[in-house]
Undergrad: 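Please see the structure below; I have some questions.
The chains referred to below are lettered A, B, ... by the order of the sequence lines, with proteins before strands, and numbering in each begins at 1.
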There are 2 protein chains.
Amino acid sequence: MLEEKEISQAVISRLPRYYRYLQDLIDEGTERISSKELSERMHVTASQIRQDFNNFGGFGQQGYGYNVRYLHDEIGQILGLDQEHSMVLIGAGNLGQALVGYMNFKRRGFVFKAAFDCKPELYGKKVGQVVIRPMNELTGLIEQEKIEIAVLTVPKTAAMDIAKVLSGTCIRAIWNFAHVDLPVPERIQVENVHLSDSLMKLSYQIRSIDQADQEKAD
Amino acid sequence: MLEEKEISQAVISRLPRYYRYLQDLIDEGTERISSKELSERMHVTASQIRQDFNNFGGFGQQGYGYNVRYLHDEIGQILGLDQEHSMVLIGAGNLGQALVGYMNFKRRGFVFKAAFDCKPELYGKKVGQVVIRPMNELTGLIEQEKIEIAVLTVPKTAAMDIAKVLSGTCIRAIWNFAHVDLPVPERIQVENVHLSDSLMKLSYQIRSIDQADQEKAD
DNA sequence: GTCAAATTGACAATATTTTAACAGGAATTT
DNA sequence: AAATTCCTGTTAAAATATTGTCAATTTGAC
């Protein structure tokens, strides 16, 4: 039996960035790259790169480095990008519509199968490839289409209720844009995109530089 | 002279979440809270909470705990939320328009002063409170209005060029939604919101659970 | 074919982050 | 007002994460 060595969250967070740089290298026509070269491009240590990749077994070769395309595909597979992922949008406001319209996701295999909103005036309106439907059709469609991911772009109060509804379905994961921590069973994965939090961090950086400057002036 | 003890990124990332929970407590009318109670709500250790707050000096009192409103305001100040932040939108597509329309930012003091796009057909169109202008007015307006934050919602190729332009202005920070790492001087802070990366992490979680299940079945 | 240069994967050494433990002060109870 | 409980700030310990080092192996030059 294989040792279930847990991969740390830090490593996983770095994978999409590697993937992006490898895509760029492919586009440039580069065939091979060493951890040193890559580290210089990405401004991280070569040691970290090698360590990260080694979490999943060795992808490189001594004296040669890494084959760009091979490494790219392997990381893509680790990230589950080799299979299609079905999604539904819940909350067809500005942000939701922007996400559905964002074609890059589709290119990576993330496909919206439907959109839902509670506002009757939106029913039937088309966003991207899909039509906006009333919320009472949500669970039925999820089960019927075996939807994997729910993209949640509703106000925080609604988000809590919807999370409870989703808990009773076959949904695997929630991509949560609402400013709350969702109460869902363990089997459902949640990835939060808290835009306010992100903006506050930026604000912190600005403030902390101001403060440093001020102290230097003393 | 004060010891410039660098606050770790991990701590800063947690501050907005504390802030959010404290806001909720205020809304509930709770006056005081102990690290233990808060830890149970937030599903983190009490030790971490105390440690985090102590990075900025003691906000609590032995035997009493923390005064909710006081702590909330202190963290708000640390995050720079006690002052207004001026922003410009660069790239008035779906996502950009959604962000400008998002009123929660304004409530926290983040105010859009202008929006820019390269598409002539958008010039003059109103999004939220502001009018979309041509890109050649960008640097002028930033300098004139002493804009702090540029919100970048343009395709990746455009993003690189615009980052270079911004480097020559008084802009303090870039909130970057493009899928690239921006080349900017050190004095400009960058906060990335890489939506694809976030979605890939979610995809990873799904995949890794599938794999675990499969191995268990063996 | 031999040798120098390059480069990984593994492991050891640091550094950082998180958690636990506890002394001491404040609030509350009796 | 004494005693008990509560709870912070701080220090110590444990756990994680990152970086440095090097033997082993491959490539590429001559």
Side-chain angles (χ1 to χ4, degrees), chain A residues 2-18 21-22 25 30-75 78 201 204 208, chain B residues 2-18 21-22 25 30-75 78 201 204 208:
Chain A
L2 286 174
E3 261 305 311
E4 268 304 315
K5 65 170 173 189
E6 189 72 48
I7 309 292
S8 90
Q9 198 53 48
V11 174
I12 295 158
S13 300
R14 285 192 291 264
L15 291 182
R17 186 153 180 263
Y18 291 131
Y21 274 83
L22 289 165
L25 285 165
T30 308
E31 260 183 32
R32 59 184 260 192
I33 193 160
S34 68
S35 57
K36 181 150 172 290
E37 282 175 283
L38 190 54
S39 79
E40 279 157 11
R41 265 189 186 239
M42 296 186 66
H43 302 288
V44 297
T45 63
S47 204
Q48 177 160 81
I49 290 174
R50 295 206 297 276
Q51 195 85 312
D52 282 351
F53 293 167
N54 260 94
N55 278 288
F56 308 97
F59 298 139
Q61 194 163 20
Q62 291 169 331
Y64 174 89
Y66 298 88
N67 178 286
V68 172
R69 188 171 292 275
Y70 173 68
L71 184 56
H72 175 268
D73 292 350
E74 285 293 318
I75 293 180
I78 291 166
K201 275 195 273 179
Y204 171 87
S208 88
Chain B
L2 288 174
E3 263 304 313
E4 270 303 314
K5 63 171 174 191
E6 189 72 48
I7 310 291
S8 90
Q9 198 54 48
V11 173
I12 295 158
S13 300
R14 285 192 291 265
L15 292 182
R17 185 153 181 263
Y18 291 132
Y21 274 83
L22 289 165
L25 285 165
T30 309
E31 261 181 31
R32 58 185 262 193
I33 193 159
S34 69
S35 59
K36 181 150 174 290
E37 281 175 284
L38 190 55
S39 78
E40 280 158 7
R41 265 190 185 238
M42 296 184 66
H43 302 289
V44 298
T45 63
S47 203
Q48 177 161 80
I49 290 174
R50 294 205 297 275
Q51 198 81 294
D52 281 350
F53 292 167
N54 259 92
N55 279 288
F56 307 97
F59 298 140
Q61 194 163 19
Q62 292 169 330
Y64 174 88
Y66 299 89
N67 178 286
V68 171
R69 187 172 292 275
Y70 173 68
L71 184 56
H72 174 268
D73 291 351
E74 285 293 318
I75 292 180
I78 291 166
K201 275 194 274 178
Y204 170 87
S208 88

Undergrad: Taking CZ from Phe59(B) and P from dG9(D), how many angstroms apart are they, rounded to a whole number?
TA: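 Result: 9 Å.
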Undergrad: Using only heavy-atom distances, decide whether a donor-acceptor pair under 3.5 angstrom links the side-chain of Gln62(A) to the base of dT7(C).
TA: no
Undergrad: Before accepting this row, confirm whether a basic side-chain N of the pair Arg41(B)/Glu37(B) lies closer than 4.0 Å to the acidic partner's carboxylate O.
TA: no
Undergrad: Which word best sums up how the rings of Phe53(A) and Phe59(A) line up, parallel for under 30°, tilted for 30 to 60°, or perpendicular for over 60°?
TA: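 Because their plane-to-plane angle lies in the 30° to 60° range, the rings of Phe53(A) and Phe59(A) count as tilted.
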Undergrad: What is the distance, to the nearest angstrom, from the NE2 atom on His43(A) to the C1' atom on dT19(D)?
TA: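 After rounding, the reported distance stands at 18 Å.
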Undergrad: I'd like to check Tyr21(B) versus Ile33(B) (side-chain heavy atoms, cut-off strictly below 4.5 Å). Are they in contact?
TA: no
Undergrad: Just N and O in the side chain of Tyr66(B): are any of them under 4.0 Å from OP1 or OP2 of dC6(D)?
TA: no
Undergrad: From C-beta outward on Arg32(B), which listed nucleotide comes closest to its side chain: dA26(C), dG9(D), dC7(D)?
TA: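 Output: dC7(D).
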Undergrad: What is the separation between atom CD on Gln48(B) and atom P on dT17(C), rounded to the nearest whole Å?
TA: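 Nearest whole value for this atom pair: 11 Å.
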Undergrad: Identify, between Tyr64(B) and Gly58(A), the residue whose nearest nucleotide on DNA chain C lies closer to the 5' end.
TA: Gly58(A)
Undergrad: Measuring to OP1 and OP2 of dT8(C), would you say a side-chain N or O of Arg50(A) lies under 4.0 angstrom away?
TA: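 It does, given that an N or O in the side chain of Arg50(A) lies less than 4.0 Å from OP1 or OP2 of dT8(C).
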Undergrad: Would a 4.5 Å heavy-atom cut-off, applied to side chains only, mark Leu38(A) and Leu25(A) as touching?
TA: yes
Undergrad: Hey, does Phe53(B) reach any base, or is it just sugar-phosphate, or nothing, if we go heavy atoms under 4.0 Å?
TA: nothing
Undergrad: Nearest to the side chain of Ser34(A) - dT7(C), dT19(D), dT21(D)?
TA: dT7(C)
Undergrad: Rounded to whole angstrom units, what separation is found between the CG atom of Asn55(B) and the C1' atom of dT17(C)?
TA: 11 Å
Undergrad: According to a strict under-4.0 Å criterion, is Asn54(A) in side-chain N/O contact with OP1 or OP2 of dT8(C)?
TA: no
Undergrad: If you go through the side-chain atoms of Gln51(A), does one of them form a donor-acceptor pair with the base of dT19(D) closer than 3.5 Å?
TA: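 Looking at the base of dT19(D), it does pair with a donor or acceptor on the side chain of Gln51(A) (distance under 3.5 Å).
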Undergrad: Output the rounded distance in Å from CD1 (Ile49(B)) to P (dT18(C)).
TA: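 For the pair Ile49(B) CD1 and dT18(C) P, the rounded distance is 13 Å.
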Undergrad: Send over the distance from Asn67(A) CG to dT8(C) P, rounded to a whole Å.
TA: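 In whole Å, dT8(C) P lies 13 Å from Asn67(A) CG.
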Undergrad: Is there a side-chain polar atom (N or O) of Thr45(B) under 4.0 Å from OP1 or OP2 of dT18(C)?
TA: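 It does not, given that no N or O in the side chain of Thr45(B) lies less than 4.0 Å from OP1 or OP2 of dT18(C).
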Undergrad: Just how far, in rounded Å, is P of dG9(C) from CZ of Phe56(A)?
TA: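 It works out to 14 Å between those atoms.
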Undergrad: With sugar-phosphate meaning primed atoms plus P, OP1 and OP2, does Ser47(B) contact a base, only sugar-phosphate, or nothing at under 4.0 Å between heavy atoms?
TA: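 Touches a base.
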Undergrad: With a 4.0 Å limit, can you tell me whether Ser35(B) has a side-chain N or O closer than that to the phosphate oxygens OP1/OP2 of dT8(D)?
TA: yes
Undergrad: dT8(C), OP1 or OP2 - any side-chain N/O from Gln61(A) closer than 4.0 Å?
TA: no
Undergrad: Would you mind reading off the distance between Lys36(A) atom NZ and dA6(C) atom C1', rounded to a whole angstrom?
TA: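 About 10 Å, once rounded to whole Å.
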Undergrad: Between Arg17(B) and Met42(B) (side chain of the first, backbone of the second, donor and acceptor by atom type, cut-off under 3.5 Å), is there such a pair?
TA: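 Present.
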Undergrad: With sequence neighbours excluded, give me every side-chain hydrogen bond (donor to acceptor under 3.5 Å, both in side chains) pair touching residues 58-69 of chain B.
TA: none
